[in-house]
Amino acid sequence: MAIPYNKRTCDCGALRPSDVGKPVTLAGWVNNYRDHGDNLVFIDLRDRGGITQCRFNVDTDPQATRVARTLRKEDCIVVRGEVISRGENINPKLPTGHIEVSVHEVELLNKSLTPPFEVADHVEAGEDHRLKYRFLDLRRPTMQRTMIVRHRVLQCFRNFFYNEGFLEIETPILTKSTPEGARDYLIPSRVFPGEFYALPQSPQLFKQLLMMSGFDRYMQIARCFRDEDLRADRQPEFTQVDLEMAFVDLEDVLDVTERSLAVVWKETLGVEVPVPFRRMSYDEAMRDYGIDRPDLRFDLKLLDVSDVVRASTFNIFQQALAAGGIVKAIRLPGGAEMTRKETDGLTVEIQGIGAGGLPMTKVVAGQGGAPELQTGIGKFLAPVADELIRATGAEIGDALFFACGKFENVSKHLAWLRSTLAQRRGLIPKDRWEFLWVIDVPMFEYSEEDGRWVSMHHPFTMPREEDLDRLESDPGSVRAKSYDPVVNGVELASGSIRIHDQAIQNRVFRALGISEAEAHAKFEHLLTALQYGAPPHGGLALGLDRIIMLLTGTDNIRDVIAFPKTQRAYCPLTECPSPVDDKQLAELGIDLAASVKAKLAAAQTM
RNA sequence: GGGGCCGUAGCUCAAUUGGUUAGAGCAUCGGACUGUCGAUCCGAAGGUUGCGGGUUCGAUUCCCGUCGGCCUCGCCA
């Protein structure tokens, strides 16, 4: 008689000594089997709740034991039996380790082929392999835990924002291509041949329109799409917890956002996050950390030593300073113990991100015990050694690393060095969460490539009122009413107060070199809506994937997404993207370029 | 588009300066075993060294190309 698998009594992680004596029905996958010959067979049964050991005794249940002997890893089974105590033979590694199920009946629901890799946390498998067999990879306990955390965090955000009066409203996936920002994924229209929808990079304009529609407080768990190259923390489709509020100013958005994050950290990790978060201006972040998302878990600030090294004899510095550049340094406590091999390795790596090299020196005890600079560029710095040691606060045993040139490059190189040194030298404290807001970000940055100003955030961002009169005369000095929450060097979100005045919106478009005709072609709906009583509003979008990465302690975004893509945005599981029938293309009025056809043909004959 | 690392058994990896029949652990298969729990013991099977070319008496090793994976710069409002 078949065992009623639809009447499971609990999951495989639930049973405890207090359940001893109860009849149970469990179903799941064979995690492991141990066959002890004549008498005993053990099966570790796994489902998303955990693992329960099942015992088969040939003396009492010969038929079930016969079946159990044939079971192999990843077979899907259902068992019926009785919870018994393990006596002395407890397994402290399992929450269910004090009990086991004495199985009287077992049924194989589906036999598994030998899996291509073992479903266990301790067995590593190549990542493309894991993605090809993602349904097996997701059975691993850590992956299951991650997906469960993800679920809980989503619930947590939803509950929090509902309680704060937010409405969850969906926005279109098929929408309009936008000129600024990332490359769009395009969807050809069958009904309008030659015309295209775009997948949303974010629901930005729709959420602003919802504010103009009077919904006041909006939230959505929104899937967003950007056709740009991938990174360890970037996927072509990703999830944002998207917010927008009307009749608010900057303080209101910051307040509700930081409280939501505090709740999520409390609920998932039990960590109390103090609110309000500290705030740092963009200029301060760039000056002290060289990056707009500083990791405040460790010090290693960037120190401007331009004036100090001006009198040194190091040519590279002289040239940089003469060209209007700067020289900055990082003081690494204990860095003098680094080997030549280590520092040479850093030099090669920093050259890989565009630096000319990595000037450095060590602070050692000279004659009489006074600190002096040795190795590296020490001899060139001799004329300014005392002053440099004083300016950097360097002590005997430290190392000093330098970068020189344009502010942007120095910042980029030393920001990389700062976090690399902190990681390799073990300077990052565990279980520390350093939240902050980065505010007062410039509205625009100049794009050499495009020969014009481009938005740092997006074109709908409100400038600070006191900077408005410089929008035309000095756009580079205008700061935005934008705000980014950052934790441990990770940008969690990005948001701003929006422009709700058509005149200001037009001035910003003009500053961006977007003509009136183009603005109307691309944003007619927004510009029109701004003329019908648009309320002041603002919001932000939290990067859910990165939040889950932080909460689960992974540095790989693929680990927090059930079905992610490879670095080339390929899915090994579904083997997509993939070619489509000529008929489908014909319906869309699309003809492939000759070069593309040739490539496809060549690939097929291979 | 640029830089870096990698590709050897089903999986994770090793293989000396370019040199005998390319090894190990896990998985698999067969056998043993009364309490294991990442079981243990005995045995077996398992390889176009990603693919193509070159150098060489001889290539997993060196060179060129190509395909794929990862990290990264550019890019990502």
Side-chain angles (χ1 to χ4, degrees), chain A residues 31-45 51-59 72-74 84 86-94 96-97 100 113-133 136 178-184 201-202 204-205 224-236 238 345 348-355 409 412-413 416 420 441 443-445 447-450 453-461 480 482 491 494 496 508 512 514 541 543 555-556 558 565-568 570 572 602-603 606:
Chain A
N31 194 62
N32 203 359
Y33 61 94
R34 293 174 294 279
D35 184 345
H36 278 263
D38 284 346
N39 264 43
L40 276 178
V41 177
F42 295 104
I43 299 281
D44 294 333
L45 190 62
I51 289 176
T52 296
Q53 174 165 287
C54 298
R55 188 195 72 161
F56 298 78
N57 188 326
V58 79
D59 296 331
R72 291 297 177 269
K73 291 180 184 188
E74 301 315 315
I84 61 174
R86 289 221 208 170
E88 298 293 302
N89 302 307
I90 61 167
N91 182 354
K93 290 181 189 169
L94 293 179
T96 61
E100 63 192 354
L113 295 172
T114 300
F117 50 83
E118 280 180 81
V119 178
D121 286 335
H122 64 95
V123 179
E124 290 299 318
E127 201 162 354
D128 42 344
H129 220 68
R130 289 173 54 198
L131 293 187
K132 183 164 177 57
Y133 296 94
L136 290 176
T178 50
E180 296 276 300
R183 193 177 295 114
D184 286 318
Q201 295 173 30
S202 79
Q204 183 60 38
L205 291 178
C224 306
F225 306 86
R226 292 177 193 177
D227 188 3
E228 296 290 349
D229 287 347
L230 275 48
R231 286 286 189 283
D233 61 351
R234 251 193 256 160
Q235 280 274 299
F238 58 99
V348 171
E349 287 178 84
I350 205 166
Q351 284 170 334
I353 65 167
N409 292 333
K412 176 177 138 189
H413 300 148
W416 174 86
T420 302
V441 180
M443 275 288 283
F444 311 106
E445 60 185 334
S447 164
E448 300 289 344
E449 190 190 329
D450 299 341
W453 294 96
V454 297
S455 295
M456 289 276 281
H457 187 53
H458 58 53
F460 321 108
T461 304
S482 70
E491 185 189 292
S494 199
S496 62
V508 169
L512 290 168
I514 298 174
D555 51 10
N556 177 346
R558 283 169 252 104
K565 296 186 172 50
T566 69
Q567 203 190 25
R568 298 201 314 151
Y570 178 73
M606 262 169 42

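The sequence lines fix the lettering, A, B, ..., with proteins before strands; numbering per chain opens at 1. Because only heavy atoms are used, hydrogens play no part in the values below, and waters and symmetry mates are left out as well, while side chains stay in.
- Judged by atom type and distance alone, Glu449(A) does not reach the base of rG74(B) through any side-chain donor-acceptor pair under 3.5 Å.
- A side-chain donor-acceptor contact under 3.5 Å links Glu228(A) to the backbone of Arg183(A).
- The Tyr33(A) side chain lies nearest to rC29(B) when the options are rC29(B), rG35(B), rU12(B).
- Of the candidates rG68(B), rC71(B), rU12(B), the closest approach to any side-chain atom of Ala232(A) belongs to rC71(B).
- Between the P atoms of rC70(B) and rC26(B), the separation comes to 30 Å (whole Å).
- Using a 4.0 Å heavy-atom distance criterion, Ala120(A) is classed as making no nucleic acid contact.
- Atom CE of Met456(A) sits about 10.5 Å away from atom OG1 of Thr461(A), to the nearest 0.5 Å.
- Remark: Glu124(A) CD to His122(A) NE2 distance equals 10.5 Å, nearest 0.5 Å.
- Taking atom P in both rG23(B) and rU60(B), the straight-line distance is 13 Å, to the nearest Å.
- In terms of polar N and O atoms assigned as donor or acceptor, the side chain of Arg55(A) comes within less than 3.5 Å of the base of rG35(B) in a complementary pairing.
- Whole-Å rounding puts the Asp229(A) CG to rC70(B) P distance at 12 Å.
- Going from atom NZ of Lys412(A) over to atom C1' of rG74(B) covers 8 Å, rounded to whole Å.
- Residue Arg231(A) places a side-chain atom within donor-acceptor reach of the base of rG74(B), judged by atom type and a 3.5 Å distance cut-off alone.
- Pair assignment for rU66(B) gives rG50(B), based on Watson-Crick or G-U wobble hydrogen-bonding distances that are each under 3.5 Å.
- In this structure, of rG10(B), rG38(B), rU36(B), it is rG10(B) that holds the atom nearest to the side chain of His129(A).
- To the nearest 0.5 Å, atom CG of residue Leu131(A) and atom NZ of residue Lys565(A) are 10.0 Å apart.
- Only the P atoms considered, rG2(B) is 10 Å distant from rU66(B), to the nearest whole Å.
- When each of Arg558(A) and Gly181(A) is assigned the nucleotide of RNA chain B bearing its nearest heavy atom, the one mapping closer to the 5' terminus is Arg558(A).
- The side chain of Glu100(A) sits closest to rU36(B) out of rU36(B), rG68(B), rU28(B).
- Taking atom C1' on both nucleotides, rU49(B) is separated from rA9(B) by 10 Å, rounded to a whole Å.
- For Gln53(A) and rU36(B), a side-chain-to-base donor-acceptor distance below 3.5 Å is present, hydrogens and geometry of angles not being considered.
- The number of heavy atoms from other shown groups lying within 6.0 Å of CG (Asp59(A)) is above 12.
- Judged purely by atom type and a 3.5 angstrom limit, Glu74(A) has no side-chain atom pairing as donor or acceptor with the backbone of Leu113(A).
- Rounded to a whole Å, the CZ atom of Arg568(A) is 10 Å from the P atom of rG1(B).
- Residue Ile353(A) is in sugar-phosphate contact alone, with no base atom involved, counting any heavy-atom pair closer than 4.0 Å across all strands shown.
- Between the NE2 atom of His36(A) and the P atom of rG31(B) there is a distance of 17 Å, rounded to whole Å.
- The aromatic ring of Phe117(A) is not stacked on the base of rC11(B), since the criterion of ring centres less than 5.5 Å apart with planes inclined by under 30° is not met.
- Atom pair Ile43(A):CD1 and rU36(B):P shows a separation of 17 Å (rounding to whole Å applied).
- Pairing for rU21(B) is absent, judged as Watson-Crick or G-U wobble with the two contacts each under 3.5 Å.
- rC5(B) and rU20(B) have their C1' atoms separated by 32 Å, with the value rounded to a whole Å.
- Comparing the P positions of rG65(B) and rC71(B) gives an interatomic distance of 24 Å, to the nearest angstrom.
- The separation between Arg130(A) atom CZ and rC70(B) atom P is 11 Å, rounded to whole Å.
- Panel note: side chain Thr96(A), backbone Ile51(A); a donor-acceptor pair is recorded below 3.5 Å.
- The base of rU36(B) lies close enough to the side chain of Arg86(A) for a donor and an acceptor atom to sit less than 3.5 Å apart.
- Put simply, the side chain of Arg234(A) and the base of rC75(B) share a donor and an acceptor less than 3.5 Å apart.
- Distances shown here put every side-chain N or O of Tyr570(A) at or beyond 4.0 Å from the OP1 or OP2 atom of rC70(B).
- Applying the side-chain hydrogen bond (donor to acceptor under 3.5 Å, both in side chains) criterion to Arg558(A), with sequence neighbours excluded, gives Glu127(A), Asn556(A).
- Contact annotation: Thr114(A) side-chain N/O to rU28(B) OP1/OP2 distance is not under 4.0 Å.
- For the pair Lys73(A) NZ and rC26(B) P, the interatomic distance rounds to 11 Å; values are reported in whole Å.
- One finds a salt bridge joining Arg34(A) and Asp44(A) here, because a Lys/Arg side-chain nitrogen approaches an Asp/Glu carboxylate oxygen to under 4.0 Å.
- Of the inter-residue distances, the one linking Asp184(A) atom CG with Arg226(A) atom CZ reads 10.0 Å to the nearest 0.5 angstrom.
- Glu88(A) comes within 4.0 angstrom of no nucleic acid atom, judged by non-hydrogen atoms across all strands.
- Minimum interatomic distance between Asn31(A) and Lys73(A) (heavy atoms only, all atoms of both residues): O-CG, 3.9 Å.
- If you check every strand for non-hydrogen atoms under 4.0 Å, Gly87(A) touches nothing.
- The Phe42(A) side chain lies nearest to rU36(B) when the options are rG69(B), rG38(B), rU36(B).
- A close approach under 4.0 Å does occur between a side-chain nitrogen or oxygen of Arg72(A) and OP1 or OP2 of rC29(B).
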N/O contacts under 3.5 Å, protein versus nucleotides 42-51 of chain B?
none

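- Nearest to the side-chain atoms of Glu118(A) among the listed nucleotides rA27(B), rG35(B), rC75(B) stands rA27(B).
- Annotation: of the two residues near RNA chain B, Gly352(A) and Asp233(A), the 5′-most nearest-nucleotide partner is Gly352(A).
- Looking at heavy-atom distances under 4.0 Å, Ser202(A) makes contact with a base.
- Searching all strands for a Watson-Crick or G-U wobble partner of rA44(B) with both distances below 3.5 Å returns rU28(B).
- Ile90(A) comes within contact range of at least one nucleobase, with a heavy-atom separation under 4.0 Å.
- Remark: rA59(B) base-pairs with no nucleotide; criterion is Watson-Crick or G-U wobble with both hydrogen-bond distances under 3.5 Å.
- Counting only heavy atoms from C-beta on, Gln567(A) has its side chain closest to rC70(B) among rC33(B), rC76(B), rC70(B).
- In this entry the distance linking CD of Glu127(A) with P of rC5(B) reads 20 Å, nearest Å.
- Comparing rG7(B) with rU12(B), their P atoms are spaced 11 Å from each other, to the whole Å.
- Side-chain N or O atoms of Gln201(A) include one that pairs as donor or acceptor with a backbone N or O of Ala182(A) at under 3.5 Å.
- Rounded to the nearest Å, the gap between the P atom of rG25(B) and that of rU40(B) is 12 Å.
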